[in-house]
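Beneath this line is the structure, given in structure tokens, with notes to follow.
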Amino acid sequence: MIENLVIVESPAKAKTIEKFLGKDFHVVSSFGHIRDLAKKNLGIDIEKDFAPVYEVPKEKAKIVSELRKAASEAKTVWIASDEDREGEAIAWHLANVLKLDLATTKRIVFHEITKEAISKAIENPRTIDMNLVNSQQARRILDRLVGFEISPVLWKKVQPSLSAGRVQSVAVRLIVERERDIISFKSESSFRVTGDFTKEAGNTDNGIIKAEASKRFPNEDDAREFLKLCCNTAYMVGGVTVKPGTRSPAPPFTTSTLQQEAFRKLGFSVSQTMAVAQKLYEAGKITYMRTDSTNLSKLALAKSREVIIAEFGEKYSKTRQFKTKTKGAQEAHEAIRPAYPDNTTVGGNNNEKRLYELIWKRTIASQMADAEIEKTTITIDMNNSPVKFSATGEVIKFDGFLKVYMESTDQENGDEERNTIPVVKKGLPLYYNSIAATQRFTIPPPRYTEASLVKKLEELGIGRPSTYAPTISTIQNRGYVLREDRPGEKRQIKILNLENGKIAATAKQEVAGKEKSKLFPQDIGMIVNDFLIENFSDIVDYNFTAEVEEQFDEIAMGDLKWTQMLRNFYGPFHKTIENTLEKKDRKTGTRVLGNHPQTGEPVSVRMGRFGPVAQIGNSDNDNKPRFASLTKNQLLETITLDEALNLFRLPRSLGMHEGEDMVIGVGKFGPYIRYKGKFFSLKKGIDDPYSVTMERALEIISEKNESEKNKIIKDFGEIMVLNGKYGPYLTKDKQNHRLPKGIDAQKLTREECLKIIEKSDKTKKTS
DNA sequence: CAGTGAGCGAGCTTCCGCTTGACTT
């Protein structure tokens, strides 16, 4: 018989807590929720006042039966799920499923896992808060209603297997709207003038003042006129201002900020960050990684202070507690921090080490002193123009937290190089060394990365730390958006250079629109988004979540009945569903682009059964229409008539070679060459299917044949030893088999191969 | 492994939040 059973949500947490509580306490974990709405059907009885139909999912059955057993053997059960809406619901479901008495079941909470916090919690048990539970039920049921009623409408009106939801549909909307901003963006250029100045004509030994003109010039002629003035003027220091300033460290990590910084500094995807953090958490190296709180425990504050003083000295320490500003934050956990701040590094694989180091630095920096900075601005006057040049330089007087950590920004331009500038006084004459007017183009708003999308969602109060990564996976799995790199396009920029009294025009190439790991909306995402905005504008409104959250809060306070809230929502919502099903047409994203220049047939694009398609002609004529799929980077929304017509140039023949036709086409896996019944892929980013020549095609074919040859190490007929991506392997009857370690593939005999295959077959069957 | 784009219709798809494995390569 156990005296006390404590149930928490996470097994790693259970382990830690058991250490603090001693022998009389047995700590187990529920592994999150143990019950949910029925998987099949709606799982809600709307007629019976939204009565939920709860069931224990199959994968939770084992845990539940273990918990039942443990609960029946314990004298007292303490439910220590997290202190938020979901945690309270977990407690209530546990009490129900374990048949505990709601009036006497001891509910305890703690925000940090320290001995002090836990002892305090044990001394102050309460009962389960039904108002909070009901606010969770309202949240859960509302999400199910939205998802399970709108998605089937999409299956009928757009395409099967699509989905919509309170969170994912807004995420897609953000990406679609950003793309449209980019599409409608018109880039303009102007000339930016920068100059290098010195104290002595032609002598750079005493330092260079790098300055920028206060005015930009709309075109080359104006820029040239200005450079002529620059050529014939006297320069003088018009003023020097020195401004002291401070910079403060960022708060410790939450899930969202960790994802952002891990992407910017380490290049991790959102899900990768979470997977690595999970490993660190399970190893007891960091605190819980799904949190919206920037709070640090007293213990963590004290430990960090010790570390900072020992490492950098007293004046680098400044203990701070950060307030969480995020909308809808529930703060059931601490910020993400090192479990033991005195460990500057940890073991584990490389990614674990790097992420840990990032967390350590961010945490420690948050407890360090402000950096003190001195910003110097020099203005340079011209005697023949009101335009002034100005140079700024920054000197760090005291580095403070910068010694450890500097937060990154999303702007990739390293434009803000921090110069130190020479000391000068007002009235000092200066001389130009060189002045350049460089053409600059305005840039469109940036596409979202996974991490910047999470940041935006968090700002809008949409989604929770535990769902950011899954949501981003969902919208990619549905095909709504795609994470991609784009090479960008080269463009010429004009430069006017003034040196030694002469103006010379040059040009430089720059790459514009290069993208790395950005989220691009796909046609189906844009069509679904438009359909939802047309028919369910209030659900995909950016404020929808905030508005329902307010009502959930009212329910939690006991000021609103949860079934009443759902009734208010469901009435009009369900009417919209029925109305849309009944009256709205299918949405295909059709655009008529014009007529075929020769035949006059209409040319259109739309979403077809197998994806976006271009079509020439209509099926009601005697002639059958012709179809061609759009290429990967084309959008229904932006494709032009010419681009669409171009798609019909494939497949095309390159002519005969050795008596066989050679054909270029585009298939499932991209552009290919078909020759003698075999397929050869064109090289991505190198070969263009519209212009590739027979000569180049033969090159690709022989290259492929060559590597095919190298692939075969031994050929015993039905058994082959092949060279694969992961080294040599065996193949027989279309089954691949790994080679045991330490075997020389070159020396294998047929008999040895048979033995290896026999063995691997056996292990496969037994496992 | 590299098409497909007519129409019928059975049976399936789908949400958000809490938590980790069990899997294959």
Side-chain angles (χ1 to χ4, degrees), chain A residues 8-14 29-37 39-44 57 59-60 62-63 81-82 84-91 93-94 136 139-156 159-169 274-275 278-279 281-282 288-290 330 332 462-468 470-471 474 477-478 539 545 588 606-615 619 624-629 650-651 663-674 677-682 724-726 729 736 738 764 767:
Chain A
V8 296
E9 292 183 37
S10 151
K13 204 169 168 181
S29 137
S30 75
F31 292 80
H33 274 293
I34 52 151
R35 277 207 313 195
D36 190 16
L37 295 176
K39 264 207 179 73
K40 282 195 175 168
N41 308 322
L42 195 58
I44 303 160
E59 63 271 20
K60 285 288 165 77
K62 198 176 154 218
I63 292 152
S81 46
D82 298 342
D84 56 19
R85 201 161 63 199
E86 298 297 327
E88 205 67 14
I90 289 173
H93 283 297
L94 278 169
Q136 192 275 349
R139 199 281 303 155
R140 180 67 190 92
I141 290 169
L142 179 119
D143 282 336
R144 174 56 74 88
L145 289 171
V146 168
F148 275 36
E149 292 215 350
I150 298 183
S151 298
V153 178
L154 293 177
W155 306 342
K156 276 218 165 104
Q159 232 176 50
S161 301
L162 296 174
S163 66
R166 175 177 57 83
V167 174
Q168 59 168 286
S169 296
M274 294 314 281
Q278 176 88 29
K279 280 262 181 279
Y281 169 66
E282 283 169 10
Y288 196 57
M289 64 281 152
R290 290 185 276 264
Q330 311 213 354
I462 297 172
R464 304 275 315 127
S466 67
T467 60
Y468 294 137
T471 299
T474 299
N477 290 340
R478 298 273 172 276
I539 305 290
T545 291
T588 57
R606 68 185 159 84
M607 184 53 82
R609 278 206 294 160
F610 311 108
V613 67
Q615 176 175 349
S619 43
K624 270 194 177 172
R626 295 158 61 211
F627 298 96
S629 291
L650 294 177
V663 175
I664 304 294
V666 176
K668 219 165 154 187
F669 310 114
Y672 63 85
I673 306 159
R674 199 179 69 220
K678 281 171 92 179
F679 291 89
F680 305 88
S681 287
L682 292 183
K725 226 177 8 182
Y726 311 110
Y729 66 97
N736 295 343
R738 237 191 325 206
K764 263 182 200 164
S767 65

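In this text the structure is predicted, and so the values were computed from the model without any measurement. Letters go in sequence order (proteins before strands), and every chain restarts at 1.
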Among B:dT14, B:dC16, B:dC18, the nucleotide that comes nearest once only the side chain of A:Asp143 is considered
B:dC16
Answer with yes or no whether the side chains of A:Arg290 and A:Ser466 bring together a donor and an acceptor at under 3.5 Å.
no
Which nucleotide wins on minimum distance to the side chain of A:Glu86, given the candidates B:dC18, B:dG21, B:dC15?
B:dC18
Have a look at A:Tyr468 and say if it touches a base, only the backbone sugar-phosphate, or nothing, with a 4.0 Å heavy-atom cut-off.
nothing
Does the side-chain ring of A:Phe679 lie flat on the base of B:dC1, meaning centres under 5.5 Å and planes less than 30 degrees apart?
no
When all nucleic acid strands are considered with a 4.0 Å heavy-atom cut-off, which category describes A:Leu162: base, sugar-phosphate, or nothing?
sugar-phosphate
Students often get this wrong, so: under 4.0 angstrom with heavy atoms, is A:Arg85 touching a base, only sugar-phosphate, or nothing?
nothing
Taking only Lys NZ, Arg NE, NH1 and NH2, and the carboxylate oxygens of Asp or Glu, determine whether A:Lys13 and A:Asp82 approach each other closer than 4.0 Å.
yes
Does A:Gly165 reach a base, just sugar-phosphate, or nothing at all? Heavy atoms under 4.0 Å.
sugar-phosphate
Closest non-hydrogen contact found for A:Gln615 with A:Pro625 is NE2-CB, 3.5 Å
Using the rule for Phe, Tyr, His and the six-membered ring of Trp, do A:Phe31 and B:dC18 stack at under 5.5 Å and under 30°?
no
Between B:dG9 and B:dT13, how many Å separate the two C1' atoms, rounded to a whole number?
16 Å
Need one value for A:Thr474: base, sugar-phosphate or nothing, where a base atom within 4.0 Å counts as base even if backbone is also close, heavy atoms only.
sugar-phosphate
Looking across every strand, which nucleic acid part, if any, lies under 4.0 Å from A:Gly608 by heavy atom: base, sugar-phosphate, or nothing?
base
May I ask you to say what A:Ser629 touches in the nucleic acid, namely base, sugar-phosphate or nothing, with a heavy-atom cut-off under 4.0 Å?
base
Taking NZ, NE, NH1 and NH2 as the nitrogens, is one of them in A:Lys39 or A:Glu59 under 4.0 Å from a carboxylate oxygen of the other?
yes
